[in-house]
Protein chains: 2
Amino acid sequence: MKNKANRSGCPISSMLDIFGDKWSLLIIRDMIFSDKNTYGDFLKSDEKIATNILASRLLVMEENGVIKRLEHPDSKAKVLYVLTGKGIDLLPVLLEIQFWSDKHLSVSTEIRALLKEAKKDREKFIKTKTKELKRRFDALVILPHQAPNS
Amino acid sequence: MKNKANRSGCPISSMLDIFGDKWSLLIIRDMIFSDKNTYGDFLKSDEKIATNILASRLLVMEENGVIKRLEHPDSKAKVLYVLTGKGIDLLPVLLEIQFWSDKHLSVSTEIRALLKEAKKDREKFIKTKTKELKRRFDALVILPHQAPNS
DNA sequence: AAAAATCACTTGCAAATCAAAAGTAATTAT
DNA sequence: ATAATTACTTTTGATTTGCAAGTGATTTTT
């Protein structure tokens with residue numbers, strides 16, 4: 001997996017160099033909205049990502065500082081993937097994508113309800129969710145260093 | 001070029017079924033921020049899209065009602081591509097992508113200035129720009145029906 | 001303690017997609 | 001009439017994807 005050369009100085013183009021495919025943002029979605037954080041979790045999603053693609057995307061996102069690989073507190077066989085601040089900051093992007101889809105494509109009524117809520121006070125929703133995510137991942141980053149069995 | 005089957009009911013996934021690649025959003029970017037609206041215009045962009053890819057992406061976006069193909073008022077040899085309302089509504093998505101890149105990747109100082117301006121009053125910027133785009137494209141949609149040489 | 005299951009991957013291969021270059025057909029300019 | 005522009009299409013080879021089948025380390029079950 002090569003490191004993608006910036007195709008141009010354009011901020012949109014640079015972002016697409018990392019996320020311009022059908023899968024990367026779905027992994028971020030799973031981490032933000034569905035509390036998923038292991039390889040196996042991501043495989044279980046509705047879109048059925050292939051194992052090699054998943055491994056490759058996780059690597060690219062790790063190389064770009066969007067996610068971090070940690071040892072899982074429950075088991076040495078597992079790997080814990082957490083979002084960094086850079087990753088958490090994708091929340092507004094994912095929100096706007098959802099608002100667009102809500103307006104122009106067909107979206108289930110339950111998701112529509114959640115989006116309506118988020119749209120009502122966008123800023124507050126983002127701030128609250130961001131804090132929640134930071135708390136969640138900070139806890140996971142720190143925990144593993146406290147020896148679990150001694 | 002097949003019509004993409006929705007991989008799932010997820011709004012993010014559905015949006016990525018249309019725009020999940022390295023090029024489509026760059027074409028939208030060019031139409032929104034650089035006033036480009038012909039095949040030749042898009043080819044001239046810094047990222048150097050291949051002609052076959054460009055043709056394919058334009059078709060997919062047209063099929064999805066994001067852009068419209070019109071006869072160019074200046075020449076029968078040209079095709080005029082304009083954004084529909086659905087396409088114009090991608091502005092907030094592109095803005096958030098740029099805000100993210102501005103914060104987490106390196107961005108030129110001139111673009112940074114424009115983004116700072118946009119961020120200062122996001123809502124107003126979106127409203128103003130949206131109106132401008134609607135005006136611009138409405139004019140183009142209507143003009144060609146007034147016989148140019150008779 | 002041995003066997004089965006889980007977990008996070010890797011490998012191999014066929015199919016799809018992409019990129020670069022050249023070609024085409026319809027205008028338009030000289 | 002000739003050359004240039006414009007919007008593509010076609011061809012070819014390289015890259016990426018998706019699927020199925022491993023692999024090796026751990027963990028759970030018996």
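What you are looking at is a predicted structure, and each value in this text was computed from that prediction instead of being measured. Each chain gets a letter, A, B and so on, in the order its sequence line appears, and its residues count up from 1.
- A straight line from CG of A/Asp41 to P of C/dT6 spans 15 Å, rounded to a whole angstrom.
- D/dA20 atom C1' lies 16 Å from atom CG of A/Leu54, rounded to whole Å.
- Ring pair B/Tyr81/B/Phe42 is tilted by interplanar angle, where 30° to 60° counts as tilted.
- Looking at the side chain of B/Lys78, the nearest of the listed nucleotides C/dT10, D/dA7, C/dT28 is D/dA7.
- Put simply, CG on B/Leu70 is 17 Å from C1' on D/dT6, counting in whole angstrom units.
- Side chain of A/Ala50, nearest nucleotide from C/dC7, D/dC19, D/dT9: D/dC19.
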- Message: Is there a side chain to side chain donor-acceptor pair (under 3.5 Å) between A/Ser45 and A/Lys36? Walk through the geometry before answering.
- Response: CA-CA 10 Å; A/Ser45 289; A/Lys36 300 192 177 181; 2.9 Å; yes
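- Residue A/Glu71 contributes atom CD, which lies 14 Å from atom P of C/dC9 at whole-angstrom precision.
- Computed from coordinates, the B/Ile49 CD1 to D/dT9 P distance equals 14 Å when rounded to whole Å.
- The phosphate of D/dT17 (OP1 or OP2) has a side-chain N or O of A/Arg57 nearer than 4.0 angstrom.
- Taken to the nearest 0.5 Å, the NE2 atom of A/His72 stands 15.5 Å off from the OH atom of A/Tyr39.
- Counting only heavy atoms from C-beta outward, the side chains of B/Ile12 and A/Trp100 never approach each other to under 4.5 Å.
- Within the nucleic acid shown, B/Ser75 comes within 4.0 Å of sugar-phosphate atoms alone, with no base atom in reach, counting heavy atoms only.
- Distances shorter than 4.0 Å separate some side-chain N or O of A/Arg69 from OP1 or OP2 on C/dC9.
- A straight line from CG of B/Asn37 to P of D/dA7 spans 10 Å, rounded to a whole angstrom.
- Distances shorter than 4.0 Å separate none of the side-chain N or O atoms of B/Trp23 from OP1 or OP2 on C/dC18.
- Between A/Asn52 and A/Leu58, the residue anchored closer to the 5' end of DNA chain C is A/Leu58, taking for each the nucleotide with the nearest heavy atom.
- For A/Thr51 against C/dT10, a side-chain-to-base donor-acceptor contact under 3.5 Å is present.
- The 5' end of DNA chain D is approached more closely, in terms of each residue's nearest nucleotide, by B/Val79 than by the other of A/Ile53 and B/Val79.
- One can place CG of B/Leu43 at 12 Å from C1' of D/dT5, the figure rounded to the nearest angstrom.
- You'll find the side chain of A/Leu114 stays beyond 4.5 Å of the side chain of A/Gln98, heavy atoms only.
- Taking for each of B/Asp21 and B/Lys76 the nucleotide of DNA chain C with the nearest heavy atom, the 5'-most of the two is the partner of B/Asp21.
- In this entry the distance linking NZ of B/Lys48 with P of C/dA21 reads 13 Å, nearest Å.
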